[in-house]
Protein chains: 2
Amino acid sequence: MKNISRRTVDRALIYIRTLEHLIKEKRYLVSSKDLALITGISDVQIRKDISSFGKVGRPRIGYKTAELNKTLKGFVLQENVVHVALFGVGHLGTAILRYPAFNEDNIKLVAAFEKDKSKIGKKINGVRVYPVEMAPKIIKRTHADLGIIAVPASHSQEVADIMVLSGLRGIVNFAPASISVPKSVIVKDIDFTIELLSLFCNSQR
Amino acid sequence: MKNISRRTVDRALIYIRTLEHLIKEKRYLVSSKDLALITGISDVQIRKDISSFGKVGRPRIGYKTAELNKTLKGFVLQENVVHVALFGVGHLGTAILRYPAFNEDNIKLVAAFEKDKSKIGKKINGVRVYPVEMAPKIIKRTHADLGIIAVPASHSQEVADIMVLSGLRGIVNFAPASISVPKSVIVKDIDFTIELLSLFCNSQR
DNA sequence: TCTCAATCGTTCTAAATTTCACGATTAAGC
DNA sequence: GCTTAATCGTGAAATTTAGAACGATTGAGA
């Protein structure tokens, strides 16, 4: 196994998503060209990515959807179910709790944390809402791997600190502010404002 | 003016966000090292990015926050207010409509579109909800530049087609499925599942 | 005034990533 | 069976991106 780059892994997740869709449609074979049409990623890039996980394609035929899916999942996900903790049960946090796609995928929301006492104790879509102070304990008990920040920017750093203390290894940060964490913790920032402005700037040229 | 890469623009948006925060705190000067500490981007990268917009820093001193902010905004945003149309007023769509940060920034949500008749005609956070069929007309009338897809994956392609027809130039796609659009239209995919799985995979090594 | 330390800005180097070119393989059709 | 066209897989070239090194500049302090 060659060393697989971060970008290849990210694209592999797109291939997996696409393959599962194709499998649901009873499609048994797919070529790199087909995948390129669907995903917008170049066929060469796709073949190169896939080949880094092994030789699973057949010239003139393409890839077997189920087999390729299994191969990719075996490498990048390894049968894991990712346990995720959510911080902030406002509008966005609630939308995340109700996000339908998590159910079928390898993701399980194990707990939500919130400051507002009126929300604590409730169950939203099967996920219990706890006070933030209980986070370290609950996160250890539920073996959460990752956390989501869906609190206002003004509180994102303190929440991030709690997440790090609790032992989370990765954070998706929806707050529109940078957070500081040890470099052993990976952060993915998703700022709606920046995403839109970036798109706008890049559509202007 | 040198040609400015997409990544530099994206980072510039982070600098702007950071600078506006510093300005609110009455901070007048900032060095590339300070910005590096806050944003996690290296100081060399920051200086290089900034220098591509002109010489605005002073050795031994750093950058004036207000001046740098103005310079960056001048290049990447040019006083524009970006008009955005939202498709899908479910949990996620509603959260986006209520997203507080849009108010102060250069983004204006001009219309929302939804299939479910019970939601049509309502106003959420000042934004009117229209039936999807009216999209081309409303989008032209409101001069929307960009669109957000917050509908289920099963309907994302048909919504994308309407958006393209309506003349939108960029799309943020929250549906967990790839969409096909002409290459003149820029798409930014944000799939919560993939973001989490990517983080998990990359925290495993 | 002179030295020093901090910081910017730029050029060169290195690494990562994508694209290109092309050989290898395979099944279909004549 | 032979040819052909489609497709995979891969090594090399090209491009993009980040990083390192370093000179240039500036204000502070002796």
> Side-chain contact, heavy-atom cut-off 4.5 Å: B:Y63 with B:L29?
Replying inline: no
> What is the distance, rounded to the nearest whole Å, between atom CG of A:L68 and atom P of D:dT7?
Replying inline: 16 Å
>> Starting the side chain at C-beta, find the nucleotide from D:dT10, C:dC8, D:dG19 nearest to B:S31.
In response: C:dC8
>> Quick check for you: among C:dC8, D:dG9, C:dC20, whose closest atom lies nearest to any side-chain atom of A:Y63?
In response: D:dG9
> Nearest-Å distance, CD (A:Q45) to C1' (C:dT17)?
Replying inline: 8 Å
> Within the pair B:S42 and D:dA18, is there a side-chain N or O less than 4.0 Å away from OP1 or OP2?
Replying inline: no
> Where each residue is assigned the nucleotide of DNA chain D containing its nearest heavy atom, which of A:R58 and B:P59 is assigned the position nearer the 5′ end?
Replying inline: A:R58
> Is there a side-chain polar atom (N or O) of A:S32 under 4.0 Å from OP1 or OP2 of D:dT7?
Replying inline: no
> Among C:dA28, D:dC8, C:dC8, which nucleotide sits nearest the side chain of A:R60?
Replying inline: C:dA28
>> Tell me if the side-chain of A:K48 makes a donor-acceptor pair with the base of C:dT19, cut-off 3.5 Å, by modelled atom types.
In response: yes
> Quick one: on DNA chain D, does A:K33 or B:I61 contact a more 5' nucleotide (nearest heavy atom)?
Replying inline: A:K33
> Separation of A:R47 atom CZ from C:dA21 atom C1', in whole Å?
Replying inline: 11 Å
> Below 4.0 angstrom, N of the basic side chain to O of the carboxylate: do A:D145 and A:R169 qualify?
Replying inline: no
>> Can you measure A:I46 atom CD1 to D:dT7 atom P for me and round it to whole angstrom units?
In response: 13 Å
>> Check this for me, if you would: do B:K24 and B:E104 make a salt bridge, where the nitrogen-to-carboxylate-oxygen distance has to be below 4.0 angstrom?
In response: yes
> Starting at CZ of B:F53 and ending at C1' of C:dG9, how long is that distance when rounded to a whole Å?
Replying inline: 15 Å
> Donor-acceptor pair, A:H83 side chain versus A:L109 backbone, under 3.5 Å?
Replying inline: no
> Given atom CG of A:L29 and atom C1' of D:dT7, what is their separation to the nearest angstrom?
Replying inline: 12 Å
> Can you tell me how far C1' of D:dA18 sits from CG of B:D10, to the nearest Å?
Replying inline: 15 Å
> Counting only side-chain N and O atoms of B:K55, is one of them less than 4.0 Å from OP1 or OP2 of C:dT10?
Replying inline: yes
>> By nearest heavy atom, map B:V30 and A:V44 onto DNA chain C; which one lands nearer the 5' end?
In response: B:V30
> Atom CZ of A:R11 and atom C1' of C:dA16: how far apart are they, to the nearest Å?
Replying inline: 12 Å
> Is it true that B:K73 and B:E20 have a side-chain N and a carboxylate O under 4.0 angstrom from each other?
Replying inline: yes
